[in-house]
There are 2 protein chains.
Amino acid sequence: MNADFDPFLHPTSRLALEVFRLNGALIAAGDMLVEPLGLTSARWQVLGAITQAEGGLPTAGIARAMGLTRQSVQRVVDDLARLGLVRFAPNPHHKRAKLVQLTPEGRMASAAASARWAPLAEALATAVTVPALDEAAQVLHRLATALAALTAPSSGDTP
Amino acid sequence: MNADFDPFLHPTSRLALEVFRLNGALIAAGDMLVEPLGLTSARWQVLGAITQAEGGLPTAGIARAMGLTRQSVQRVVDDLARLGLVRFAPNPHHKRAKLVQLTPEGRMASAAASARWAPLAEALATAVTVPALDEAAQVLHRLATALAALTAPSSGDTP
DNA sequence: GTCGTTTTGACACTATGCTGTCGTTATGAA
DNA sequence: TTCATAACGACAGCATAGTGTCAAAACGAC
């Protein structure tokens with residue numbers, strides 16, 4: 001009865017479990033890191049995605065950039081708007097999909113978070129090596145792509 | 001003002017973002033995979049942790065094995081007990097910390113989930129290579145360890 | 001131009017995981 | 001043995017991310 005397959009010993013399974021653990025550790029570390037700024041990991045990530053895009057981008061665009069659903073990002077964006085870190089600007093290409101832009105306060109918060117993250121990122125890079133980081137990132141990227149292709153050639157929102 | 005550091009271009013940052021994406025993709029794929037069995041990714045993972053340990057283990061032990069908090073696992077365990085997939089057995093070493101064990105139904109569900117996961121794990125392994133998987137897993141493991149050491153030499157529940 | 005499809009925002013609901021807290025039980029040092 | 005400490009289960013509350021659904025807006029085929 002196929003007893004020669006222990007799913008937890010499969011290389012893919014072991015990597016998946018490591019992804020789960022590191023994901024949790026990164027979120028916890030991020031929460032600690034930006035907590036003095038009144039931020040959380042999720043809000044920080046959304047701020048970062050907006051920082052990346054010059055001129056701002058709509059909520060659904062943020063979600064696509066982060067691999068999440070519109071609905072999840074929307075609440076965080078609303079929180080950030082309530083905190084005065086982002087604002088909504090009219091979108092010349094779409095009447096309803098307003099552009100989410102950083103306010104000066106948001107830009108300062110994003111910069112402060114980056115400044116706090118930098119030394120930790122350096123320390124982690126020395127815990128392994130930069131080439132190993134790059135190669136691991138490439139492997140994870142390929143796996144995510146393959147997983148998206150294997151599951152759900154679907155419709156609708158695709159987180 | 002340190003403008004030569006773009007936090008999103010740092011190798012550690014790029015890997016972190018890939019971890020977030022793959023984590024989400026794996027959970028989504030797992031949910032699809034075991035949904036016909038009445039399971040979810042979280043319940044499947046807890047079932048797996050119990051399957052690993054012969055004789056069962058207490059809730060806090062499951063949490064340690066998975067890198068989560070007792071409280072998070074407890075609710076899932078209660079759900080599984082309500083579904084009849086696990087049961088509580090007296091613990092000779094601790095009166096309150098009952099051992100969580102699989103019922104025959106739980107064993108069947110765990111085996112069915114493994115059978116569904118196996119081909120997907122194989123397909124993903126061929127999307128990259130097994131040595132690459134192993135090396136990536138090792139890198140993630142070292143990062144998680146380093147991160148735990150750098151943040152919170154703390155007390156109490158340490159997920 | 002019209003109509004069907006897709007995209008987007010909005011809202012309600014659920015699932016997962018965290019912190020905080022309490023009382024109980026083990027454990028170990030004095 | 002006694003007592004401080006740690007570990008464990010239980011419960012409440014919050015943050016994050018998912019699904020489902022709806023209406024409005026944009027887009028494309030005809």
Side-chain angles (χ1 to χ4, degrees), chain A residues 20-21 23-32 34-35 38-47 57-64 66-83 88 90-100 151-152 154-159, chain B residues 20-21 23-32 34-35 38-46 57-64 66-83 88-100 151-152 154-159:
Chain A
F20 295 147
R21 289 187 88 104
N23 180 75
L26 283 171
I27 289 178
D31 281 337
M32 285 183 50
V34 299
E35 188 268 335
L39 293 177
T40 63
S41 279
R43 294 175 183 179
W44 175 26
Q45 280 183 257
V46 170
L47 273 187
L57 72 177
T59 299
I62 302 173
R64 271 192 300 272
M66 297 177 60
L68 304 178
T69 58
R70 301 171 288 120
Q71 293 88 335
S72 307
V73 173
Q74 182 188 336
R75 206 179 37 73
V76 177
V77 168
D78 289 343
D79 290 345
L80 290 174
R82 205 163 26 73
L83 293 173
F88 299 101
N91 187 344
H93 301 305
H94 198 298
K95 192 181 292 183
R96 293 194 68 202
K98 291 167 289 186
L99 292 176
V100 182
T151 71
S154 70
S155 58
D157 298 313
T158 54
Chain B
F20 294 147
R21 290 187 88 106
N23 180 75
L26 284 171
I27 289 177
D31 282 337
M32 284 183 51
V34 299
E35 189 266 336
L39 293 178
T40 62
S41 280
R43 293 175 184 180
W44 175 26
Q45 281 182 256
V46 171
L57 71 177
T59 300
I62 302 173
R64 272 192 299 271
M66 296 177 60
L68 303 179
T69 58
R70 299 172 288 120
Q71 294 89 332
S72 307
V73 173
Q74 181 189 337
R75 209 174 32 71
V76 178
V77 168
D78 290 342
D79 291 344
L80 291 174
R82 206 165 25 74
L83 293 173
F88 299 101
N91 186 344
H93 300 306
H94 199 297
K95 191 182 293 182
R96 293 196 68 203
K98 291 166 290 186
L99 292 176
V100 182
T151 72
S154 71
S155 58
D157 296 314
T158 53

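None of the values given here were measured: they were computed from a predicted structure. Chain A is the first sequence line, chain B the second, and so forth, proteins listed ahead of strands; every chain is numbered from 1.
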**OP:** Using side-chain hydrogen bond (donor to acceptor under 3.5 Å, both in side chains) as the criterion, list what pairs up with A:S72, not counting sequence neighbours.
**Re:** A:T69
Original post:
Who passes side chain to side chain contact (heavy atoms under 4.5 Å, CB included) against B:L68, sequence neighbours left out?
Top reply: B:M66, B:V73
Subject >> Axis bend over the full length of the helix from C:dG1-D:dC30 to C:dA30-D:dT1, computed from five pairs that close each end, to 10 degrees >> reply: 40°
Subject >> salt bridge (Lys or Arg N to Asp or Glu O under 4.0 Å) involving B:R64 - partner list, sequence neighbours excluded >> reply: none
**OP:** Give me the first and last nucleotide of DNA chain C, going 5' to 3', that has any atom under 4.0 Å from a heavy atom of chain B.
**Re:** C:dT16 to C:dA26
**OP:** Between B:T40 and A:R96, just flag the one whose closest nucleotide in DNA chain C comes earlier from the 5' side.
**Re:** A:R96
**OP:** Please name all residues satisfying side-chain hydrogen bond (donor to acceptor under 3.5 Å, both in side chains) with A:S41, sequence neighbours left out, ordered by chain then number.
**Re:** A:D31
Subject >> Side chain to side chain, A:V76 and A:Q45, heavy atoms closer than 4.5 Å >> reply: no
Subject >> Exercise: identify the closest heavy-atom pair between A:Q71 and A:D157 >> reply: NE2-OD2, 3.5 Å
Subject >> Residues in side chain to side chain contact (heavy atoms under 4.5 Å, CB included) contact with A:A97, at least two apart in sequence or another chain >> reply: A:P58, A:N91, A:H94
**OP:** Specify the residue among A:D79 and B:P58 whose closest nucleotide of DNA chain D lies further upstream toward the 5′ end.
**Re:** B:P58
**OP:** Check step by step if side chain to side chain contact (heavy atoms under 4.5 Å, CB included) holds for A:V100 and A:L57.
**Re:** CA-CA 5 Å; A:V100 182; A:L57 72 177; 5.8 Å; no
**OP:** Map B:T59 and A:L68 onto DNA chain D by nearest heavy atom, then report which one ends up closer to the 5' terminus.
**Re:** B:T59
Subject >> Covered region of DNA chain D, 5' end to 3' end, by chain B [heavy atoms, under 4.0 Å] >> reply: D:dC8 to D:dC11
Subject >> Test salt bridge (Lys or Arg N to Asp or Glu O under 4.0 Å) applied to A:R75 - qualifying residues, sequence neighbours left out >> reply: A:D79
Subject >> With B:D78 via side-chain hydrogen bond (donor to acceptor under 3.5 Å, both in side chains) - residues at least two apart >> reply: none
